[in-house]
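Here the structure is laid out as structure tokens; the discussion comes afterwards.
These numbers come from the heavy atoms of this one structure, side chains and all, not from hydrogens, waters or symmetry mates. Quick note: residue numbers are just sequence positions, from 1.
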Amino acid sequence: MNTCITCGMPLTDESEIGLETSYGPVCIHDSEDGEIKEAEDIFAGGVAYFVDNVTEGDFDLAERLTRRNMLSLEYWQENPFEELEGSVATEAEYAEAMAKL
């Protein structure tokens, strides 16, 4: 199964792919007008997703989860940006969050 190179979202259907790049597919949430969205917008989307679905409103934890998730992806390892600097979720926090999804 393919996953989005910018957020790690599983891509189970062609309709979920918004863009194909040399790195791989980008989901419809992280692409717009044939381009990858700004890194800061993708980060903000990840934080919002974790706040809404995992952290029960804990914004700090959502940011740390988003950083850990994005830093695990090759695309962001090769294309870092300012918001990725900072503390990341622990292995236990990340495992607990993923278990809630």
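Across Ala89 and Glu93, no two heavy atoms sit closer than the pair CA-OE1, 3.3 Å. Residues Asn69 and Leu73 share a closest heavy-atom pair of O-CG, 3.5 Å.
Looking only at side-chain heavy atoms (C-beta outward), Trp76 and Thr6 come within less than 4.5 Å of each other. In this structure, the side chains of Lys100 and Asn53 stay at 4.5 Å or more apart for every pair of heavy atoms. Taking 4.5 Å as the limit, every side-chain heavy atom of Thr3 sits out of range of all side-chain heavy atoms of Met9. Residues Leu101 and Val54 meet the side-chain proximity criterion, which asks for heavy atoms closer than 4.5 Å. In this structure the side chain of Cys4 never reaches within 4.5 angstrom of the side chain of Pro25, judged on heavy atoms. The closest side-chain heavy-atom distance from Tyr94 to Thr90 is not below 4.5 Å. Using a 4.5 Å heavy-atom cutoff, the side chains of Ile5 and Thr21 are in contact.
Cluster annotation: Ile28 and Tyr49 are assigned to distinct hydrophobic clusters (Ile/Leu/Val/Met/Phe/Trp/Tyr, side-chain heavy-atom contacts under 4.5 Å, transitive). Note: the hydrophobic cluster containing Phe81 also contains Val47 (ILVMFWY, side chain heavy atoms under 4.5 Å, direct or indirect links). The hydrophobic cluster containing Tyr75 also contains Leu19, counting ILVMFWY residues as joined when their side-chain heavy atoms lie under 4.5 angstrom apart, directly or transitively.
Every residue was checked against the side-chain hydrogen bond (donor to acceptor under 3.5 Å, both in side chains) condition with Ser22, not counting sequence neighbours, and none meets it. When the side-chain hydrogen bond (donor to acceptor under 3.5 Å, both in side chains) test is applied to Thr66, no partner is found at least two apart in sequence or on another chain. Listed by chain and residue number, Arg67, Arg68, Leu71 satisfy the side chain to side chain contact (heavy atoms under 4.5 Å, CB included) test with Val88 (two or more places apart in sequence, or in another chain). Residues passing the side-chain hydrogen bond (donor to acceptor under 3.5 Å, both in side chains) test with Glu78 are Tyr23, sequence neighbours excluded.
Listed by first and then second residue, the salt bridge (Lys or Arg N to Asp or Glu O under 4.0 Å) pairs that reach into residues 37-62 are Asp60-Arg64, sequence neighbours excluded. Residue pairs meeting the side chain to side chain donor-acceptor pair (under 3.5 Å) criterion with at least one partner in residues 9-20, sequence neighbours excluded, are Thr12-Glu16, Asp13-Ser15.
Between atom CD1 of residue Ile42 and atom CD of residue Glu83 there is a gap of 11.5 Å, rounded to the nearest 0.5 Å. Atoms CD1 and CG, on Ile36 and Asp30 in that order, are 8.5 Å from each other to the nearest 0.5 Å. Note: Cys27 SG to Leu11 CG = 6.5 Å, rounded to the nearest 0.5 Å. Atom CZ of Phe50 and atom CG of Leu65 lie 5.0 Å apart (nearest 0.5 Å).
Annotation: Phe59, atom CZ; neighbour count of heavy atoms from other residues, nucleotides and ligands within 6.0 Å does not exceed 12.
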